[in-house]
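Let me begin by presenting the structure, written as structure tokens, before commenting on it.
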There are 2 protein chains.
Amino acid sequence: MDSGSANEAGAGHWRVAVVEDHLLQRRGLVSVLRAQRGVRVVHEGESLPDLVGWLAAGSAASAPDLLALDLHVDRGLSVDPDVVRGLVRDGIKVLVVSEMTSLPLVRQVLRAGATGVVSKRDSIADVVAATRTVLGGGRWMTRELGEFLAREGDRPALSDQEERALVLYASGSTIDQVATALGVKRETAKTYVDRVKSKYAAAGRPLRTKVDLARTALADGYLD
Amino acid sequence: MDSGSANEAGAGHWRVAVVEDHLLQRRGLVSVLRAQRGVRVVHEGESLPDLVGWLAAGSAASAPDLLALDLHVDRGLSVDPDVVRGLVRDGIKVLVVSEMTSLPLVRQVLRAGATGVVSKRDSIADVVAATRTVLGGGRWMTRELGEFLAREGDRPALSDQEERALVLYASGSTIDQVATALGVKRETAKTYVDRVKSKYAAAGRPLRTKVDLARTALADGYLD
DNA sequence: CGTGGTGTCCCCCGATCGTGGGACAAATGA
DNA sequence: TCATTTGTCCCACGATCGGGGGACACCACG
């Protein structure tokens with residue numbers, strides 16, 4: 001499909017960018033990647049905005065093939081799924097390197113187009129394998145996330161608004177609070193929640209009450 | 001207090017009973033205990049009722065000092081906390097040997113007077129140490145339970161009825177269903193739940209909604 | 001070109017919740 | 001002994017839930 005985007009492995013090298021806010025961990029990750037044949041680390045940064053700025057400054061040909069992205073949510077700094085979506089659209093593959101602290105965030109980034117997830121607790125061999133797999137166009141999932149992907153079957157696909165509504169509602173918000181937070185009318189928020197229920201019911205997991213939603217949202221990784 | 005109950009270590013031996021439904025695990029536990037100096041295994045059984053029957057048949061002097069009790073909840077066979085309470089009242093110390101499958105049950109048995117908990121995943125040395133400690137009148141807790149005991153501070157003490165009401169209500173039952181299950185009037189069940197809220201509020205953890213209760217009940221080990 | 005999913009909004013209505021009172025007897029504990 | 005806790009029951013009222021119905025526009029997939 002993306003036959004237009006040229007530099008997939010220019011001069012036999014994959015171009016990799018690393019975004020990770022912890023210096024030590026970043027150094028570690030970078031050194032592991034550098035040691036890999038055919039891999040060139042073209043950017044190291046603390047945050048996604050840094051990377052975006054760097055991309056804007058450089059030529060299109062300098063764009064990386066892969067972004068190894070940490071998902072630490074310390075200091076209020078979070079990763080914006082929309083930014084990830086943009087990068088993916090630009091042909092950059094995304095590998096999440098995470099502590100799995102926030103399952104919902106991992107989900108969002110995955111939905112934004114990331115094609116791999118490794119845990120920092122995984123072995124170096126696993127990290128390398130993940131990098132190779134994602135660069136090759138494949139998907140890579142840590143064992144820790146396997147259980148959730150395995151259950152993906154009986155978990156219905158929710159739309160963006162439905163998921164946001166579920167998260168808020170299942171956290172204890174009233175319908176009115178959900179509506180306000182989403183910037184829609186009460187009836188609309190109600191519809192979202194109703195549709196979540198319908199979808200789960202269609203998947204053979206009827207959720208009637210708010211408590212059911214809370215329990216399920218937790219079990220299915222929508223809440224922490 | 002129990003200065004009347006004589007045979008605490010008659011002839012230098014502690015009398016121990018083992019109740020565990022899995023034959024292999026029971027054999028293992030019994031052999032570990034037998035290998036201990038000064039310990040005599042006087043009863044092996046599959047269930048608590050078996051032990052009670054055996055106790056009723058024998059003389060008071062044959063009663064054990066310690067009961068090593070498994071908490072497996074397979075095949076619908078559960079452990080009745082009231083029976084445990086009775087044994088404790090008779091001067092028998094209780095050590096729970098569990099897989100920690102059901103935290104609520106562990107809690108109930110602890111409240112019924114058990115003074116020790118070991119996990120089957122603990123080392124043999126730990127099991128032995130736990131046995132000694134409990135026989136000596138002390139308390140023993142697996143590390144796995146330590147986190148919960150540590151948080152015991154900001155978790156208010158709930159009465160039996162309050163805990164039962166919380167468990168049911170937080171699982172999704174309506175007040176009416178809780179009332180029916182407990183065999184009391186709607187208003188009474190309402191009072192129980194209200195008191196749970198009051199206690200948590202007094203402990204600095206206000207719980208206003210049903211979802212709050214569900215979340216907290218899960219976090220505090222009242223639900224699985 | 002229709003079908004389905006999505007985003008948005010609207011109405012009704014009975015059930016349930018959350019909060020505020022009050023009462024009283026038994027048990028517990030300081 | 002007196003205060004607290006517990007178990008039990010009762011009432012009222014506004015907020016919220018849960019289920020049902022309908023509507024319409026957009027967009028994508030086939």
Side-chain angles (χ1 to χ4, degrees), chain A residues 1 82 85 89 108 111-112 155-203 205-217, chain B residues 1 81-82 85 89 108 111-113 155-203 205-217:
Chain A
M1 308 279 168
D82 284 333
R85 211 181 303 272
R89 228 186 317 256
Q108 282 174 23
R111 287 168 41 123
R155 184 168 64 226
L158 302 184
S159 74
D160 284 0
Q161 291 291 71
E162 284 161 1
E163 179 169 332
R164 292 191 193 104
L166 169 62
V167 168
L168 293 168
Y169 194 62
S171 298
S173 298
T174 65
I175 286 290
D176 284 285
Q177 291 169 327
V178 173
T180 302
L182 295 189
V184 299
K185 290 300 165 84
R186 173 193 298 106
E187 311 300 332
T188 307
K190 204 168 181 316
T191 301
Y192 295 154
V193 174
D194 283 343
R195 284 181 180 162
V196 170
K197 289 182 189 172
S198 301
K199 286 184 175 181
Y200 267 94
R205 297 168 64 186
L207 308 178
R208 305 193 186 288
T209 74
K210 199 169 176 176
V211 173
D212 290 338
L213 285 168
R215 220 200 328 267
T216 303
Chain B
M1 310 256 171
D82 284 333
R85 210 180 305 272
R89 227 187 315 259
Q108 283 175 21
R111 289 168 40 123
R155 184 168 62 226
L158 303 183
S159 74
D160 285 1
Q161 291 290 72
E162 285 162 0
E163 178 170 333
R164 290 189 194 106
L166 170 61
V167 168
L168 293 168
Y169 194 62
S171 299
S173 298
T174 66
I175 286 290
D176 283 285
Q177 290 169 329
V178 173
T180 303
L182 295 189
V184 299
K185 289 300 167 79
R186 174 194 297 107
E187 311 300 334
T188 305
K190 207 164 175 331
T191 300
Y192 294 154
V193 174
D194 283 342
R195 284 181 179 163
V196 170
K197 289 183 187 171
S198 302
K199 287 185 174 182
Y200 267 94
R205 298 168 64 187
L207 307 179
R208 305 192 187 289
T209 72
K210 199 170 176 177
V211 173
D212 290 337
L213 286 167
R215 222 200 327 267
T216 303

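Side chains are part of it too, since the values below use all heavy atoms of this structure and drop only hydrogens, waters and symmetry mates. The chains referred to below are lettered A, B, ... by the order of the sequence lines, with proteins before strands, and numbering in each begins at 1.
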From [atom1] of [X] over to [atom2] of [N], roughly how many Å is that when rounded to an integer?
{"X": "B:Y192", "N": "C:dC17", "atom1": "OH", "atom2": "C1'", "answer": "19 Å"}
{"X": "A:E162", "N": "C:dG7", "atom1": "CD", "atom2": "P", "answer": "6 Å"}
{"X": "A:K185", "N": "C:dC11", "atom1": "NZ", "atom2": "C1'", "answer": "14 Å"}
{"X": "A:E163", "N": "C:dG5", "atom1": "CD", "atom2": "P", "answer": "18 Å"}
{"X": "B:D212", "N": "C:dT19", "atom1": "CG", "atom2": "P", "answer": "9 Å"}

Side-chain-base donor-acceptor pair under 3.5 Å for A:K190 and D:dT16: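 In this structure, the two groups form no donor-acceptor pair.
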For a quick check, tell me whether the side chain of A:K199 and the base of C:dG5 share a donor-acceptor pair closer than 3.5 Å.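 No, the side chain and the base share no sub-3.5 Å donor-acceptor pair.
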What does [X] touch in the nucleic acid at a heavy-atom separation under 4.0 angstrom: a base, only the sugar-phosphate, or nothing?
{"X": "A:T174", "result": "sugar-phosphate"}
{"X": "A:D194", "result": "nothing"}
{"X": "A:E187", "result": "base"}

In Å and rounded to the nearest 0.5 Å, what is the [atom1] to [atom2] distance from [X] to [Y]?
{"X": "A:L166", "Y": "A:R195", "atom1": "CG", "atom2": "CZ", "result": "15.0 Å"}
{"X": "A:Y169", "Y": "A:K190", "atom1": "OH", "atom2": "NZ", "result": "8.0 Å"}
{"X": "B:R89", "Y": "B:R85", "atom1": "CZ", "atom2": "CZ", "result": "7.0 Å"}

Between [X] and [N], is there a contact of a side-chain N or O with OP1 or OP2 at under 4.0 Å?
{"X": "B:Y169", "N": "C:dG18", "answer": "yes"}
{"X": "A:T188", "N": "C:dC9", "answer": "yes"}
{"X": "B:K210", "N": "C:dC17", "answer": "yes"}

For B:V211 versus A:A214, what's the shortest heavy-atom pair and its separation?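 For B:V211 versus A:A214, the nearest heavy atoms are CG1-CB, 4.3 Å.
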List the atom of A:A181, the atom of A:L168, and the distance in Å for their closest heavy-atom pair.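 Reported closest heavy-atom pair: CB-CD1, 3.7 Å.
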Under the 3.5 angstrom rule, does the side chain of [X] hit a backbone N or O of [Y] as a donor-acceptor pair?
{"X": "A:R215", "Y": "B:S171", "value": "yes"}
{"X": "A:D212", "Y": "A:T209", "value": "yes"}
{"X": "B:K197", "Y": "B:L213", "value": "no"}

Taking the minimum atom-to-atom distance to the side chain of A:K197, which one of C:dT6, C:dC9, D:dG19 wins?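 Out of C:dT6, C:dC9, D:dG19, the nucleotide with an atom closest to A:K197's side chain is D:dG19.
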Could you work out which one of D:dT8, C:dG7, C:dC9 sits closest to the side chain of A:V184?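 Nearest to the side-chain atoms of A:V184, counting from C-beta on, is C:dC9.
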Closest-nucleotide 5' rank along DNA chain C - winner of A:Q161 and B:T209: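 Looking at DNA chain C, the more 5' nearest nucleotide goes with A:Q161.
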Expected output is a numbered-order residue list: members of residues 175-183 of chain B with a heavy atom under 4.0 Å from any atom of DNA chain D. What is it?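 None, since no heavy atom is under 4.0 Å.
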If we check side chain to side chain donor-acceptor pair (under 3.5 Å) with A:S159, which of these qualifies: A:Q161, A:E163, A:E162?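 Exactly one pass, corresponding to A:E162.
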Which atom pairs link the protein and nucleotides 22-30 of chain C when you take only N or O atoms and keep those under 3.5 Å?
none

